[in-house]
Amino acid sequence: MIQIAVLGYGIVGSGVVEVIERNNAEVSRRAGEEMHVKYILDLRDFPGDPYEEKVVHDYNLILEDAQISIVCEVMGGVGDAYQFTRQALEAGKSVCTSNKELVAKHGAELIALAAANGCHYMFEASVGGGIPIIRTINNAMTPERIEAVTGILNGTTNYMLTKMEQESADYEEVLKQAQALGYAERNPEADVEGHDACRKIAILSSLMAGKNVDSEKLYTEGIKGIAAADFAFAKEANMTIKLLARAKLMEDGSILAMVAPFMVPKDHVLAMVNDVFNGVFVTGNMLGDTMLYGHGAGKLPTASAVAADVIECARNQGRQILCIWEETEAKLVDVAESERKFFVRAKRDGGKAVEDVFAGSICLELAEYPNELGFITPVMKERELQAGCEALGDLILNKIRLM
Ligand code: HSE
């Protein structure tokens, strides 16, 4: 029998216990051995909970119990979660996590530590919740050179942008709706400023490059600047607006990665990923395009991904599960040098100055925004667009990249 400890009995932690115990026949059959949760570590007690007798408060009990071979770290954060993960791996216990912050910051180091101790560090649930994107990259797309990944990796902001489009609503209005529904945290900064998606694309980029991509070095722009007018112009151009997390593997092995709102053509599959759903569009050099779609967050989808890692650890006791993510830093491409088309919304009274800067652009006009003009520029470098916009100062109302 394989005995498991779950660190943190919050939403995901309680989901992990539920998946392993409620689906125990499937879990044990697929693991090839009976599996059970022996301990739940939390600071709190849970009187009346069906698993209350499993709750413990002392981590040493878990570390010193030789029957525990797999630990699920679903506490979050990079303090105790980091120390507990290191201690478990050093004791030869595999760790499965949903903690994207910790994986983005210390993934390479923890993978190496696990390998050195004959166990595994698994993190399927850290990106895209229940969508098996890590397993797809590591196990299914193994013959591929993965050239690009474009993802809608944050459900909260995708819900907000979907509502803005459908209800012609402004940012503040949909933020309140998202908070009322419990999607956005009371402090929604990590989601709306793009940091959550940034950590996730840093993890995927690291797997693409096989080297460490530091999330803190990636260009990250959130959705706070998106207005109802941007959606009106996007509609006119047969596009929508999505917060995309993108990574491209260049010929020399360097990575161009960023998080920002993009205008996406309405007929692209990513434009059809709405509400809280996530989608990841992966391009392999042999396979071509593949798209994964599903629940990017939530108790049971996230817990199911953690449990899938637990089963993989159980199946691979004494063997290595290959995950190529070295501690050396990947070379990053300067986003300012990247090229694409842009949408620019400007004040109409800018007259000739605006038209000169955006010569060669497609001009959009809307009756409901008579004082504004929209432009779709030709392909240009980010720094050229930036320079043009700076020259026009407050005549520029917004600029959004085109996918
Ligand atoms: N806040 C995240 C989201 C949770 O909205 O997608 C899942 O990582």
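Counting starts at 1 for both ligands and their atoms, in listed order.
At a heavy-atom cutoff of 4.0 Å, ligand 1 is surrounded by Lys100, Asn154, Gly155, Thr156, Asp191, Asp196, Lys200, Gly296, Ala297.
Between Tyr159 and Tyr183, the ring-plane angle classifies as perpendicular under the 30° and 60° cut-offs.
For Glu251, the side-chain hydrogen bond (donor to acceptor under 3.5 Å, both in side chains) criterion is met by no residue, not counting sequence neighbours. Residues meeting the salt bridge (Lys or Arg N to Asp or Glu O under 4.0 Å) test with Glu34, sequence neighbours left out: none.
A side-chain hydrogen bond (donor to acceptor under 3.5 Å, both in side chains) check over residues 259-274, counting only residues at least two apart or in different chains, returns the pairs Glu165-Lys266, Lys242-Asn274.
Environment of NZ in Lys235: sparse, with no more than 12 heavy atoms of neighbouring residues, nucleotides or ligands closer than 6.0 Å.
Figure legend: cation-pi geometry between Arg401 and Phe343 absent, as NZ or CZ is not positioned both under 6.0 Å from the six-membered ring centre and within 45° of its axis.
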